[in-house]
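A quick write-up on the structure given underneath.
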Amino acid sequence: YAILLRAKTVLTKFVDDSSLSGSVPLPRYNELSINRVSEVNFVLRAIRTIVAAFKTSTPGKIDTDTWNIVIELYDVVTDCIGYGSDRFSVALKLVLKEYTGLLSFKKYAKN
């Protein structure tokens with residue numbers, strides 16, 4: 001659950017900062033921005049892994065709070081569209097594809 005909350009924070013801050021930069025992209029070649037893009041890519045891979053695990057879990061076994069944060073993350077992930085590098089775009093696309101099957105069924109969450 002903690003990693004999901006951290007993921008939400010990282011992605012939200014990334015989107016907020018990217019939108020503040022307007023048409024001027026965030027600096028690409030300084031160490032801070034390279035680390036930041038790496039962190040965002042790591043977060044996207046983590047979300048993808050968690051969503052994939054949810055899809056293979058036994059229905060009703062996922063804690064409702066965890067389910068809710070994963071669904072809330074979908075909104076944050078979609079906010080990332082249009083920001084970042086090509087590598088980032090690939091990771092983003094893979095996460096969104098992973099969500100497709102998960103959003104079709106609420107059977108995964110406990111009642």
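On a predicted model such as this, the values are computed, not experimentally measured, just so you know.
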Task: Qualifying residues under side-chain hydrogen bond (donor to acceptor under 3.5 Å, both in side chains), relative to K13, sequence neighbours excluded - done: D17
Task: Euclidean distance, S89 OG relative to I81 CD1, rounded to 0.5 Å - done: 9.5 Å
Task: Gap separating the CG atom of L94 from the CG atom of L44, nearest 0.5 angstrom - done: 9.5 Å
Task: Test ring-ring contact (aromatic ring centres under 6.0 Å, His included) applied to F42 - qualifying residues, sequence neighbours left out - done: none
N/O donor to acceptor pairs below 3.5 angstrom from side-chain atoms of residues 2-10, sequence neighbours left out:
residue	atom	partner	partner atom	Å
R6	NH2	E39	OE2	2.8
K8	NZ	E72	OE1	2.8
T9	OG1	L5	O	3.1

Task: V51 and L73, any side-chain heavy atoms less than 4.5 Å apart - done: no
- [ ] Output the distance between atom CD1 (I50) and atom OG (S57), rounded to the nearest 0.5 Å.
- [x] 12.0 Å
Open item on the list: I need the D63 CG to I69 CD1 distance, nearest 0.5 Å.
Closed with: 11.5 Å
TODO: Taking all non-hydrogen atoms of both residues into account, name the closest pair between V95 and R48 and its distance.
DONE: CG2-CB, 3.9 Å
Task: Distance in Å, I62 CD1 paired with F54 CZ, rounded so as to fall on 0.5 Å steps - done: 4.5 Å
Open item on the list: As an exercise, state the distance from CG of D79 to CG of L92, rounded to the nearest 0.5 Å.
Closed with: 10.5 Å
Open item on the list: I'd like to know whether L11 forms a side-chain contact (heavy atoms from CB on, under 4.5 Å) with V40, so could you lay out the CA-CA distance, the side-chain angles of the two residues, the decisive distance to 0.1 Å, and finally the verdict.
Closed with: CA-CA 7 Å; L11 294 179; V40 170; 3.8 Å; yes
- [ ] For the pair Y99 and Y74, name the ring-plane relationship: parallel under 30°, tilted 30 to 60°, perpendicular over 60°.
- [x] perpendicular
